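Since the model is a prediction, treat every value here as computed from it, not as a measurement. Just follow the structure's listing: the first ligand is 1, and inside any ligand the first atom is 1. One is the number of the first residue; the rest follow in order along the sequence.
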Amino acid sequence: MAKKKYSHLVKQLKYQEADGEYMTMMSGADLDGINLSFAWGYRRGLGQWGSDGGLTHSHPYGECLLFTGLDYDNPNSFPAEIELALGKEREKYIVDSPTVVVLPPGLPHCPLVTKRVDKPYGFMAISLSGEHDLAESAVGDPATGEKKYGNLLKKLDLRDTKRTKGGNADFIEWWNGKDFEGFNLNFTWAFHTGLGAWHEKDPHVHPNDEVLLFVGCDPDNPDYLGAELEIGMGEGDNKEIHVFDTPTIVIAPKGLVHCPLITRRVDKPYSFSAISLNTEHETTWLG
Ligand SMILES: [Fe+2]
Ligand SMILES: [Fe+2]
């Protein structure tokens, strides 16, 4: 069979293991040159760590951190307690439920200190740059008075979609950057078990770059997705169907027609994130 034209846009995730934790990382060069980097993985360790090493640092671009449990039956549970330092004053915040942390460009952050872990949890960092760039931050005087950065932590509340058919989400939450300067970003976090087509009016296209991240919920088997899916890429004579049954990222550069997305088989619940480089989700449905 002829080599597929869009194979480079459908990539199996490769995890690196360290101390029983698994992380996968990609930058713009891995993502067809789009202006995004991300890290996703399964964490279980106690003590100090960092989203980019352990030290207090900042980036010239915005970044979001996502903390999530991995339990489909309790999608809003989070089985750990993590302390996060924000600002050069290192104000301390506690993450003990599914949370998105918004890090505006230039805001010092970290270290993270995991204080309690009942079960492994999922962690994602979404960086609004194709190239990683960070500066260590000087530490200022300790915080006094009122805390300043509480508005940068948003608790996730995964909504039960009461889905009755199709492969789309059973539980989903959405974050968008329209209220934050420098966040040309919206993304979802969801748990899925459904079979069949995800959308009614596919294929579709966006005026912005998008990536679709499919990951499993088993922190001991990062290469296990628990489902088999297919996605259409391209249109007309160029349309291809790509099938995958391992953790995968699909890159949809702006203007590339994509989907239908069809779940063929589900053995275990899995998680999904759609990351779009736009403050609002803009979709043109073509079906
Ligand atoms: Fe960072
Ligand atoms: Fe899309």
Which heavy atom in Ala39 sits nearest to a heavy atom in Met23, and how many Å separate them?
-> CB-CE, 4.0 Å
No-hydrogen, no-angle side-chain donor-acceptor test under 3.5 Å, Tyr93 and Glu91 = yes
Could you tell me whether any N, O or S atom belonging to His109 is less than 2.8 Å from the Fe ion (ligand 1)?
-> yes
Side chains of Asn278 and Asn208: is there a donor and an acceptor less than 3.5 Å apart?
-> yes
By atom name, which N, O or S atom belonging to Glu210 lies closest to the Fe ion (ligand 2)?
-> OE1
Would Arg116 and Asp118 count as a salt bridge (Lys or Arg N to Asp or Glu O under 4.0 Å) if you check the C-alpha gap in whole Å, the side-chain angles of each, and the deciding distance to 0.1 Å?
-> CA-CA 7 Å; Arg116 193 194 86 233; Asp118 303 328; 3.1 Å; yes
Report the angle formed at the Fe ion (ligand 1) by atom NE2 of His57 and atom NE2 of His59, rounding to the nearest 10°.
-> 90°
Just give me the atom name: the N, O or S atom of Glu63 closest to the Fe ion (ligand 1).
-> OE1
Among side-chain atoms of Glu235 and His258, is any donor-acceptor pair under 3.5 angstrom?
-> no
Report, rounded to 10°, the angle at the Fe ion (ligand 2) between the two atoms NE2 (His206) and NE2 (His204).
-> 100°
Is there an N/O/S atom in His258 that lies less than 2.8 Å from the Fe ion (ligand 2)?
-> yes
